[in-house]
Amino acid sequence: MSPRTGRPTTDPKKHETRIRMSDREVEMLKTCCEKTGMTKADVIRKGIELVYKEVTEQ
């Protein structure tokens with residue numbers, strides 16, 4: 001029996017992080033997802049990219 005595999009990718013997501021969020025933050029994330037059509041994970045990844053650019057462009 002072969003191991004279960006997901007969709008092939010050039011950028012595997014093998015790390016997992018859990019965060020605690022306030023009700024306000026959950027609502028903000030939900031609104032971002034609804035307005036953009038992005039997933040929660042994609043919105044969070046984009047936020048990380050924006051902050052990373054901000055802190056490295058000095």
Interatomic distance, [X] atom [atom1] to [Y] atom [atom2] [nearest 0.5 angstrom]:
X	Y	atom1	atom2	result
Arg45	Glu49	CZ	CD	9.5 Å
Glu27	Glu34	CD	CD	8.0 Å
Lys40	Cys32	NZ	SG	12.0 Å

Quiz prompt | Side-chain cluster (under 4.5 Å, hydrophobic types only) that Ile44 belongs to, other residues | solution =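 Besides Ile44, the hydrophobic cluster comprises Ile19, Met21, Val26, Leu29, Met38, Val43, Ile48, listed by chain and residue number.
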Quiz prompt | Ion pair check, Lys13 and Asp11, cut-off under 4.0 Å | solution =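 Salt bridge present between Lys13 and Asp11.
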Self-check item: side chain to side chain contact (heavy atoms under 4.5 Å, CB included) partners of Lys35, counting only residues at least two apart
Solution: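 Scan of Lys35 (side chain to side chain contact (heavy atoms under 4.5 Å, CB included), adjacent residues dropped) gives Thr31.
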